[in-house]
Amino acid sequence: MGAFKEPHGGVLKELYLGESVAEEEKLIAGNYPSWDLTPRQLCDIELLLNGSFSPLSGFLGSKDYQSVVEKMRLSSGMLWPMPINLDVTSKFADSLEQGNMLALRDQEGVLVATMEIEEIWKPDKIAEAEQVYGTSMEAHPAVHYLLHQTGDVYISGELRGVEPPTHYDFKLLRDSPSELRGRFRKLGWRKVVAFQTRNPMHRAHQEITYRAATMHEANLLVHPVVGMTKPGDVDHYTRVRCYEKILERYPEQTTTLSLLNLAMRMGGPREAIWHAIIRKNYGCTHFIVGRDHAGPGNKPDGTPFYEPYEAQELYEKFHDEMDITMVPFQQMVYVEDRAQYIPVNETTNEMKVANISGTEFRRRLREGLDIPEWFSYGEIIQELRKIYPPKHQQGFTVFFTGLSGSGKSTIANALLVKMLENGNRRVTILDGDVVRKNLSSELGFSKEHRDLNIKRIGYVAAEITKNGGVAICAPIAPYEKTRKEVRSMIEEGGGFVEIFVNTPLEECEKRDRKGLYAQARAGKIKGFTGIDDPYEVPKDPEMVIDTLHLSAELAAHRIFVKLESLGYIK
Ligand code: PPS
């Protein structure tokens with residue numbers, strides 16, 4: 001093979017069929033039962049098929065699974081810390097039998113691989129969570145995934161790779177282990193330090209990686225994860241643009257970048273071992289493990305799931321078997337009087353130490369505040385500012401809720417005009433009646449239909465918000481749970497301001513501008529909000545408007561001022 005570093009288990013397990021056999025397989029697979037791989041399974045299968053997960057030759061069978069969960073070893077005794085399983089729903093599993101062939105497809109139906117089913121079994125998920133992640137608390141992202149998104153049945157068998165999952169982005173930066181090994185060979189790189197990351201890199205990371213490489217007289221591979229990382233992380237498109245920029249900060253010919261389509265589990269110490277084995281399969285000789293490697297964040301009580309250096313300790317235990325040298329790092333901090341980064345355990349009390357946490361960094365970005373030179377490079381900040389624009393450039397939704405005839409539409413329209421007059425924002429209004437004529441013309445007023453209507457409004461508002469626009473919505477939205485769902489959908493991409501138009505039922509009924517209350521009282525309209533269908537008063541709206549004592553114009557003015565004070569309007 002000519003590689004500088006043997007893969008884990010000695011052989012790189014590439015599982016693709018030859019071209020002509022793969023073509024035949026595609027034809028036959030049309031008759032097989034078919035499973036559409038989930039985004040996580042797609043990441044896993046890509047890394048299984050290209051040898052990143054050597055020595056695995058498919059999703060784990062029950063014996064290997066049990067052994068990995070309990071002992072971090074395959075049943076052969078070889079070190080392997082992470083269960084890699086093909087989970088399916090019970091309903092789908094009921095249609096399968098041992099010995100069946102199965103077609104594994106991507107979300108568009110393209111055949112990725114086939115598998116002869118050897119085993120079908122139900123795992124004990126709680127035991128898996130506790131043994132692999134050390135907890136069954138749902139605050140751990142992998143446990144949450146296991147309990148809520150993982151199918152109840154696991155199936156296994158040897159994989160026959162047909163076609164690698166398609167990627168349209170950064171194609172030239174994506175490498176299989178043999179491709180990267182080829183690059184190292186071509187460049188004559190014999191010692192390579194790998195750096196795993198799921199975050200944008202700043203000066204401290206550059207410092208760690210550069211030190212690690214020079215310390216070991218090695219070259220450097222920046223090997224970021226672009227598959228699935230921790231929910232809320234910076235998107236990989238932005239990160240890759242940042243990595244490309246930081247590459248120029250290393251001496252020429254010393255460092256290379258490649259993207260790894262791994263689905264992380266945030267499994268801390270076990271995950272560190274897994275990450276290192278993967279990098280060994282890519283031909284690397286050294287692997288950097290810093291503070292809180294692959295950490296999942298804190299438990300609800302604020303304490304961490306894993307100790308900050310627990311991953312380094314576990315690695316140390318298995319170091320001889322791992323055959324890829326750990327380069328441990330303490331957290332790096334900036335020492336002002338020395339104008340230099342040093343490991344935190346080398347600082348003294350006399351030193352003036354500076355540090356900016358991830359949370360503080362994001363706050364500064366979001367609020368358009370200064371980020372010091374010592375923390376990051378100008379070109380990286382510039383890239384990140386694009387996804388964390390200051391508040392007055394972020395999208396948001398103003399969500400009015402209240403009884404029919406409460407005045408929502410009038411206030412919403414007055415607000416719209418004020419925003420157009422201000423001219424700094426692009427605004428779309430999604431009024432209850434208008435939506436019902438266009439988006440939801442086939443819907444009635446049952447609970448299901450109302451929920452569907454509100455979710456449609458929420459979906460459109462979330463899209464507008466995500467893309468930096470302003471959506472003003474004004475449906476009745478009578479149910480708290482649905483409003484909450486819409487809020488969390490929209491808050492993923494911007495702001496959400498809920499306004500309860502608090503006009504008492506008697507007043508709405510007295511106004512009865514459309515004559516609907518009279519019809520509802522006469523039983524001609526059934527399930528009318530406030531009459532014979534509930535309106536749940538919002539628990540925590542950003543604002544409550546009392547229309548008995550406030551004109552629509554004044555109400556719109558107050559809301560406009562509130563939006564200014566929240567920073568959304570300049
Ligand atoms: S919901 O519950 O949020 O889906 O309602 P929404 O889409 O805002 O539609 C409310 C308008 O539809 C008219 N209408 C009814 N409202 C409540 N209950 C029943 N059964 C009903 N039937 C028709 C009413 O005119 C509402 O308009 P607004 O602008 O709120 O007065």
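Computation of the quantities below employed the complete heavy-atom set of this structure, encompassing side-chain atoms and omitting hydrogens, waters and symmetry-equivalent molecules. As the structure is a computational prediction, the values presented were derived from the model and not from experiment. Just so you know, ligand 1 is whichever comes first in the structure, and atom 1 is the first atom listed for that ligand.
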(message) Can you classify the ring geometry of Tyr568 versus Phe396 as parallel (below 30°), tilted (30 to 60°) or perpendicular (above 60°)?
(response) parallel

(message) Just to be sure I read this right, does ligand 1 sit under 4.0 Å from the backbone of Ile454, its side chain, both, or neither, counting only heavy atoms?
(response) side chain

(request) Of the side chain and backbone of Val435, name the one, both, or neither that has a heavy atom under 4.0 Å from an atom of ligand 1. (result) neither

(request) List every atom of ligand 1 that sits less than 4.0 Å from any heavy atom of Arg436, numbering the atoms from 1 in the order shown and giving each element. (result) 1 (S), 4 (O), 5 (O), 6 (P), 7 (O), 9 (O)

(request) Evaluate the ring planes of Phe170 and His236, with Trp represented by its six-membered ring, and classify them as parallel (under 30°), tilted (30 to 60°) or perpendicular (over 60°). (result) perpendicular

(message) I want to know if ligand 1 touches Ala474 in the polar sense, i.e. an N/O pair below 3.5 angstrom.
(response) no

(message) For atom 19 (C) of ligand 1, what is the closest protein heavy atom, and at what distance to 0.1 Å?
(response) Phe528 CD1, 3.4 Å

(request) Applying side chain to side chain donor-acceptor pair (under 3.5 Å), run through Asn50 and Ser52 and close with a yes or a no. (result) CA-CA 6 Å; Asn50 74 13; Ser52 299; 2.7 Å; yes

(message) To check your reading of the model: name the closest protein heavy atom to atom 10 (C) of ligand 1, its residue, and the distance in Å.
(response) Ile476 CD1, 3.5 Å

(message) Quick test: of every protein heavy atom, which one is nearest to atom 24 (C) of ligand 1, and how far off is it to 0.1 Å?
(response) Leu516 CD1, 3.6 Å

(message) Treating Asn422 as the side-chain partner and Asn424 as the backbone partner, does any N or O pair qualify as donor plus acceptor under 3.5 Å?
(response) yes

(message) For the backbone of Ala142 and the side chain of His140, can you confirm whether one donor and one acceptor N or O come within less than 3.5 Å of each other?
(response) yes

(request) Starting from atom 11 (C) of ligand 1, locate the nearest protein heavy atom and write down its residue, its atom name and how far away it is, to 0.1 Å. (result) Asp433 OD1, 3.6 Å

(request) Using a strict cut-off of 4.0 Å, indicate which atoms of ligand 1 neighbour a heavy atom of Pro478. (result) 2 (O), 3 (O)

(message) Can you list everything that forms a side-chain contact (heavy atoms from CB on, under 4.5 Å) with Asp433? Sequence neighbours excluded, please.
(response) Asp431, Lys514

(message) Can you tell me if Lys526 contacts ligand 1 (heavy atom of the residue under 4.0 Å from the ligand)?
(response) yes

(message) List ligand 1 atoms under 4.0 Å from Gly405, heavy atoms only on the residue side.
(response) 31 (O)

(request) Taking atom CZ of Arg511 as the centre, report whether more than 12 heavy atoms of other residues, nucleotides or ligands fall under 6.0 Å from it. (result) yes

(message) For atom 18 (N) of ligand 1, what's the nearest protein heavy-atom neighbour? Residue, atom name and distance, please.
(response) Arg450 NH2, 3.1 Å

(message) Contact between ligand 1 and Lys408 is defined here as a heavy atom of the residue under 4.0 Å from a ligand atom; is it met?
(response) yes

(request) For ligand 1, find out whether one of its N or O atoms is nearer than 3.5 Å to an N or O atom of Gly527. (result) yes

(request) Please report which non-hydrogen protein atom sits nearest to atom 31 (O) of ligand 1, along with the residue it belongs to and the distance in Å to one decimal place. (result) Ser404 OG, 2.7 Å

(message) Give the atom numbers and elements of ligand 1 that come within less than 4.0 Å of a heavy atom of Pro475.
(response) 3 (O), 8 (O)

(request) Specify the protein heavy atom at minimum distance from atom 27 (O) of ligand 1: its residue, its atom name, and the distance to 0.1 Å. (result) Lys514 NZ, 3.1 Å

(message) Suppose I only count heavy atoms of Ala477 and a 4.0 Å limit; which atoms of ligand 1 are within that range?
(response) 3 (O)

(request) Say whether, by atom type as modelled, one donor and one acceptor occur between the side chain of Tyr388 and the main chain of Arg363 under 3.5 angstrom. (result) no

(message) Could you check whether any side-chain N or O of Thr135 sits under 3.5 Å from a backbone N or O of Met137, counting only pairs where one atom can act as donor and the other as acceptor?
(response) yes

(request) Answer with yes or no whether the side chains of Tyr243 and Arg239 bring together a donor and an acceptor at under 3.5 Å. (result) yes

(message) Quick test: of every protein heavy atom, which one is nearest to atom 15 (C) of ligand 1, and how far off is it to 0.1 Å?
(response) Phe445 CE2, 3.4 Å

(message) Can you see whether Gln196 engages His293 through a side-chain donor-acceptor pair at a distance of less than 3.5 angstrom?
(response) no

Side chains of residues 147-155: which donor-acceptor partners sit under 3.5 Å, not counting sequence neighbours?
{"residue": "His148", "atom": "NE2", "partner": "Glu138", "partner atom": "OE1", "Å": "2.9"}
{"residue": "His148", "atom": "NE2", "partner": "Glu138", "partner atom": "OE2", "Å": "3.2"}
{"residue": "Thr150", "atom": "OG1", "partner": "Tyr145", "partner atom": "O", "Å": "3.0"}
{"residue": "Asp152", "atom": "OD1", "partner": "Lys125", "partner atom": "NZ", "Å": "3.0"}
{"residue": "Tyr154", "atom": "OH", "partner": "Glu128", "partner atom": "OE1", "Å": "2.8"}

(message) Below a 4.0 angstrom heavy-atom separation, can you tell me which part of Asn453, side chain or backbone, both or neither, approaches ligand 1?
(response) side chain

